Each structure stands twice: as structure tokens, then as C-alpha cells.
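Quick notes on the structure that follows.
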Amino acid sequence: MTRTTPNASGARIVGMGTALPDRILTNDELAKMVDTSDEWITERTGITSRHLGGTTAGLAAEAGAAALEDAGIDPSGIDMLVLATTTPDRAVPATSSTVQEMLGLDCGAMDVNAACSGFVYSLVTGHGFIAMGHERVLVIGAEVLERIIDWTDRSTCILFANGAGAAVIERSEKGTDLLGWHVSSDGAMEEYLYCEHGETIFMAGQKVFKRAVLVMEESARQSMKQANLTADDIDLVVPHQANIRIVETSCKRLGIPFEKTSMVIHRTGNTSSASIPLALDDAVRNGRVKEGDNVLLVGFGAGMTSASAVLRWSGEPGRRG
Ligand code: COA
């Protein structure tokens, strides 16, 4: 059992950005590669297309640059870069070092691998750096999952894809946006979803599905409890975009209407660490979040990890107006 005290450091998201590579792979194209159909994939997962191409550093840098621009912040204003990824470009060095150079940042940089929970882990880590004295942290989730997909395995190649999403968090005198958070891992379930070095993803789909539904609910409840909020208080849910049916079932268990979720899975597939910031950015850009809203981020992934955070939206991203 972990013990946490609600973060009271005073930090909030002040800018967001995303990147999706140009190549779009549709379900119909996939049906020419493996024994599947657009109907099957759409019905069972909610996915209709996904993006391929790029490098993890390249996508991360594009999303990071967009987030900096959105926040109106010069690269010199960033004190730390935390990059969530399960598909680093190299084993060593960390991809965050490459991204740091590409963005012209003068700060510490590190990768976080918590699978699809990585962005929320990194967001919490970023708030931690601010609690320890930093002014601004750039948090990015970026993946090139196409690298570790077996393109002849119809149970996995229909799901995973590439992309990146980023957020700038900044110290704030007005209080914190992070009202509650929860991270966990259960290594006893690592055999459900893994990838050996140089190989491709193995996934026990149904086991992952069942576990995902349980941990999404459990983690969300922990964060809401810490934030002193109930399901009725949540204005927007930004779930990990793994399978629309997992999100529907989790929402039902939590008592939150599905209409309150931000979903981009139909056009992105499962982009692991990038999925939550991609969906959050989409909600922000479409005017679905306003100042004072309670936003629940919740995800799960290999490990099996889970992570959630309740944010009180400040209305600042971006300062783009
Ligand atoms: N197209 C057509 N048929 C497919 C298929 C595909 N792409 N993939 C699997 N099938 C078949 C199976 O072979 C099986 O056939 P059978 O009944 O003849 O044996 C049938 O569809 C049902 O397979 P099943 O595994 O029970 O399907 P499902 O409804 O559980 O959906 C997943 C499969 C992978 C979509 C689903 O289990 C899932 O999303 N799991 C969670 C995965 C996840 O979230 N991973 C990321 C974690 S971060």
C-alpha cells in the first residue's frame, strides 16, 4: 500500500501540443494485410484508422515544440524534460536526451517507461520536480509502436500505432491543478503483455481487457477520493485509448456517462504513452474543458501498470487565447 499526500505545490498545465505522423493506415488497408475486416476492428475496438511513420524523438520534439508555442514559452524557460515512452529510439541514451537537443532545451532530461500509463506517471513526476523547486517542466508521451508490432498478428497489429502529445506544466501561485493522483503496478501480471528485446508484442487480449476494466475503476476511485470528489463531480474523463469497449465498461462501473469522455481512438489507435495527451489536447482544442472543470485522466498498461490524476482545469492552455 502506497502512502501519498495530495500535491500542494501549485503547478498547472499552461500549454499543450501533439504530433501524428503523415502516413494513415485504414482498417481496409489492414484487411489486405491480415485476415480481418473494417467491421470487426471498428466493432471490437472503436478504431478506424491510425498513423504510422516518424521516430520517437522526432514526434516528441514536434509535440513538445507545439506545447512550448501554445504556452508562449521559450525553450530556455524549461527546467526539466520528462519523456514517457515504451519505444525509445535507442537503448542508450534516453530518447529524452535527443529531444532535449532537438528542442534546444538547457535542462535535465529523462525517460519514463510505465507502458501506457507513462504519461500520467510523468505528469505526476513533473509536478514532483516543481514541488522540489523547478519552475517549468515539459512532459511528453511519444511512441513509435509500429517498430514492435508483428504485422502478421491480427490480434495486435490492428490496435497499436504512433504519435505524441506534450504538456508544459508551470509553478503557479494560484494553487495546484493536481487535486489527486494514483499510480500502481502489478508485476505478477507482466506475462499478459510484454515485448522482449528485438521482438514483437505478445498480448493476452482478453486477460488484459478484464484487468484493464478493474484497474481503470480502482485507480480512478483512488484519485477521486484523494481529490475529495465523487464521480458526479467529474466534468471530463480522458482515458487511455486502448479499446472503446474498455472505456465504456469502466465508465459504467464508475457511474460516469460515456458522453463525458474524450475519445480519439477512432483516428489514432492505441498510441500508449501518447494516448492520454492526444485525447486531452483534442478536448481542449474543441472547447470541451473550461476553467474550474474537474478532469480525470486514467490509464493502464503493460506491467501491469495503472495511473490516474484528477486535475482542476485552470483554463490556461493555451495562453494562445
Ligand atoms: N479480425 C478478425 N478476427 C479477429 C481479430 C481480427 N483483427 N483478432 C482476433 N480475432 C478473432 C479471434 O481469433 C477469435 O476467433 P475464434 O473465436 O475463431 O477463436 C475471435 O476474433 C474473438 O477473439 P477475442 O480475443 O475473444 O476477441 P475480443 O473481443 O477479446 O477482442 C481484442 C480482441 C484484442 C480487441 C480485445 O481483447 C482487447 O482489446 N483486449 C485489450 C487489449 C489492450 O487494451 N491492449 C493494450 C493494453 S495497453
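As the structure lists them, so they are numbered: ligands from 1, and atoms in each ligand from 1. All of these numbers come straight from a predicted model, not from anything done at the bench.
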Residues Phe202, Glu196; criterion side chain to side chain contact (heavy atoms under 4.5 Å, CB included); working and verdict
CA-CA 9 Å; Phe202 168 84; Glu196 301 287 357; over 6 Å; no
Please work out which of Met304, Arg44, Met203 has its closest non-hydrogen atom nearest to atom 42 (C) of ligand 1.
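Checking each option, the heavy atom nearest atom 42 (C) of ligand 1 is found in Met203.
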From the options Gln206, Arg154, Lys210, Arg245, select the one whose nearest heavy atom is closest to atom 13 (O) of ligand 1.
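Minimum heavy-atom distance to atom 13 (O) of ligand 1 goes to Arg154.
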Using a 4.0 Å heavy-atom cut-off, say whether Val34 meets ligand 1 through its side chain, its backbone, both or neither.
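It is neither part, as no heavy atom is under 4.0 Å.
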Side chain, backbone, both or neither: which part of Thr156 has a heavy atom under 4.0 Å from ligand 1?
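Looking at Thr156 and ligand 1, no heavy atom falls under 4.0 Å.
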N/O separation below 3.5 Å, Gly205 to ligand 1:
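It does: an N or O of Gly205 is found under 3.5 Å from an N or O of ligand 1.
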Purely on distance, is any nitrogen or oxygen of Thr36 under 3.5 Å from one on ligand 1?
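It does: an N or O of Thr36 is found under 3.5 Å from an N or O of ligand 1.
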Taking only heavy atoms of [X], which atoms of ligand 1 are found under 4.0 Å from at least one of them?
| X | answer |
| --- | --- |
| Asn270 | 46 (C), 48 (S) |
| Asn243 | 35 (C), 38 (C), 39 (O) |
| Asp35 | 1 (N), 2 (C) |
| Ala242 | 44 (O) |

For His240 and Phe300, take the angle between the two ring planes, folded into 0 to 90°, and tell me which bin it lands in: parallel under 30, tilted 30 to 60, perpendicular over 60.
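It falls in the perpendicular class, over 60°.
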Using side chain to side chain contact (heavy atoms under 4.5 Å, CB included) as the criterion, list what pairs up with Asp106, not counting sequence neighbours.
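Counting only residues at least two positions away or on another chain, Asp106 forms no side chain to side chain contact (heavy atoms under 4.5 Å, CB included).
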Any idea which heavy atoms bring Arg147 and Thr55 closest together, and the distance?
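Residues Arg147 and Thr55, closest heavy atoms: NH2-CA, 4.2 Å.
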Can you tell me if Ile41 has a non-hydrogen atom under 4.0 Å from ligand 1?
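The answer is no, since Ile41 has no heavy atom less than 4.0 Å from ligand 1.
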Take every heavy atom of Leu30, measure it against each atom of ligand 1, and state whether any distance is under 4.0 Å.
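No heavy atom of Leu30 comes that close to ligand 1.
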Please tell me whether [X] and [Y] have a donor and an acceptor in their side chains that are separated by less than 3.5 angstrom.
| X | Y | result |
| --- | --- | --- |
| Ser273 | Glu143 | yes |
| Ser184 | Ser306 | yes |
| Ser155 | Asp153 | yes |

Under 4.0 Å from atom 16 (P) of ligand 1, can you find at least one protein heavy atom?
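Looking at atom 16 (P) of ligand 1, one finds that no protein heavy atom lies closer than 4.0 Å.
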Closer than 4.0 Å: a protein non-hydrogen atom to atom 19 (O) of ligand 1:
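Flag for atom 19 (O) of ligand 1 set to false, no protein heavy atom closer than 4.0 Å.
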Determine whether Ile276 and Val120 make a side-chain contact, defined as any pair of heavy atoms from C-beta on separated by less than 4.5 Å.
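In short, these two side chains touch, coming nearer than 4.5 Å.
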